[in-house]
Amino acid sequence: MQHQKILILDFGSQVTQLIARRVREAHVFCEVHPCDVSDEWVREYAADGQLKGIILSGSHASVYEETTDKAPQAVFELGIPVLGICYGMQTMAHQLGGKVEGGHKREFGFAAVRARGHTKLLEGIQDFATPEGHGMLEVWMSHGDKVTELPPGFKLMASTDSCPIAGMADEDRGFYAVQFHPEVTHTKQGAALLERFVLGICQTRPDWIMGDYISEAVTKIREQVGDEEVILGLSGGVDSSVAAALIHRAIGDQLTCVFVDHGLLRLNEGDMVMDMFAGKLHAKVIRVDASDLFLGQLAGVSEPEAKRKIIGGLFVDVFKSEAAKLKAGNASSKGATFLAQGTIYPDVIESGGAKSKKAVTIKSHHNVGGLPEQLGLKLLEPLRELFKDEVRELGVALGLPPEMVYRHPFPGPGLGVRILGEVKKDYADLLRRADAIFIEELRNFRDEASGKTWYDLTSQAFTVFLPVKSVGVMGDGRTYDYVVALRAVQTSDFMTADWAELPYALLKKVSSRIINEVRGINRVTYDVSSKPPATIEWE
Ligand code: XMP
């Protein structure tokens, strides 16, 4: 099935992916590509007639980074609607004959925008009306330059006191632009505005629905794989689990999952993964208990980066040796020729845009990049087009339990980065039990106002093992035992995060249960550091 689509050209804003997520939430397929694609590329992309609209994103949210990037001129020549956002509005104005001026004081934060001129984009969309009856929108602004003269054919669509041209439109050509950011949730009507653009103005068919996507994905996987065999590294995380369930739906026993248990998983996690995939889904799963190997190699190593490298390296070795056995085949199989991975769309966008971005390595993330080449296998990535929320929806539609699909993220090196310093089996055993209590109580406690559990109100929560001893008193006796720290954060992107203001009653219950139930721990602390300057994990 061919989906109609929206093209989002990325000028480097931190929030471009949010534009794509809002469009997908309107059930419209869209893709993000770098802004410097050529005119020929754009025409080719539109050639099948499925492209219904284009959105030009904002640019870097920094005063220090100026850009002179332009949209390919073809964008304005295809006869389809275009929406410019922030820098996207400025380049649209500039390229179509208007004027943009720089050097203004940066405007950053909330603004009240007055809608003008009754354009199709804003009609009927407002937060409140002034006593004079003007429709007003509460929006998020973040810009230095601004449009000071409309291009020929455009009319004024929105304004604020400090930004007289905060929106403009040439409705005959279907060109719209706003200086503010409709993709962020601070702009209350932002989702409505983007939905109006893609459904009302571009008239795209809203056919991007995860329940329906299963059959489409199944067909694609069957076509790609034929009668060959596939292996997949199952970690118990959301992405690899959903990929496994989807591929299993498509090709059944042609899929073999390899589940490497490095001994640094959460309480009962290995059994849960086996129960779900081997037990309920009847998928072929090979469980490799490599905990002795991992813990053996980690003995005596306390430096965080060294630990990460050992865990990542061993993981690849174990997986490779299992894969080699499967690749070689046996009496009942011809051997695997595909390696499946749970790569999702943000990874694809980031690696596409990575050329232009400079980043410092704070932590070397554990991943298995390069494996397909080393193994001589072809790659199967059935989640490449999906955002995390869509992966979760798909998981539920495939019948995976919501508790599994909506679980907090868990790092590849597992408890290895949550036991500070040297990793020991005793420490891991204590930590697993303490952590399970914390998670259980987060699921038990509800916030009255929202009705949600504290597990759902936090983005990630876990317990950290501190290899220091402190003195306590229990009954009549003195204790001299270990300390754990509870960590719970709220974040939308994991790049920045606030520590969660958990209710005291919850903290009290968790602390008392851990100290009473986990002999060996006599003190519980709560981590009140935000990211930055702290990171989410302690190592
Ligand atoms: P930090 O600690 O860098 O973590 O603030 C940000 C997010 O990344 C996760 N994380 C990892 N995930 N492999 C992973 O798959 C890793 O090596 C790794 N290190 C950190 C962390 O749990 C948080 O969600």
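Ligands are counted one by one from 1 in listed order, and the atoms in each one are counted from 1 as well.
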Legend entry - Pro411, any N or O under 3.5 Å of ligand 1 N or O: no
Legend entry - Exercise: do Ser235 and Ser240 side chains pair donor with acceptor under 3.5 Å: yes
Inset, instruction - Run down the list Phe494, Phe410, Phe462 and name the one with the heavy atom closest to atom 7 (C) of ligand 1. - result: Phe494
Legend entry - Pairwise side-chain contact, Thr453 with Leu442, heavy-atom cut-off 4.5 Å (strictly under): no
Inset, instruction - May I ask you to decide whether Arg523 forms a salt bridge with Asp481, counting only side-chain N to carboxylate O separations under 4.0 Å? - result: no
Inset, instruction - Have a look at Pro409, Gly412, Ala534 and point out the one with the heavy atom closest to atom 15 (O) of ligand 1. - result: Gly412
Legend entry - Pro413, portion touching ligand 1 at heavy-atom distance under 4.0 Å: side chain
Legend entry - More than 12 heavy atoms of other groups within 6.0 Å of Arg443 CZ: yes
Legend entry - Which atom of Gly236 lies closest to which atom of Val273, heavy atoms considered: CA-CG2, 3.7 Å
Legend entry - Charged N-O contact under 4.0 Å between Arg433 and Asp429: no
Legend entry - Numbered atoms and elements of ligand 1 in range of Thr535, under 4.0 angstrom, heavy atoms: 1 (P), 2 (O), 5 (O)
Legend entry - Geometric N/O contact Arg418 with ligand 1, under 3.5 angstrom: no
Legend entry - Proximal atoms of ligand 1 relative to Lys531 (non-hydrogen, under 4.0 Å): 1 (P), 3 (O), 5 (O), 6 (C)
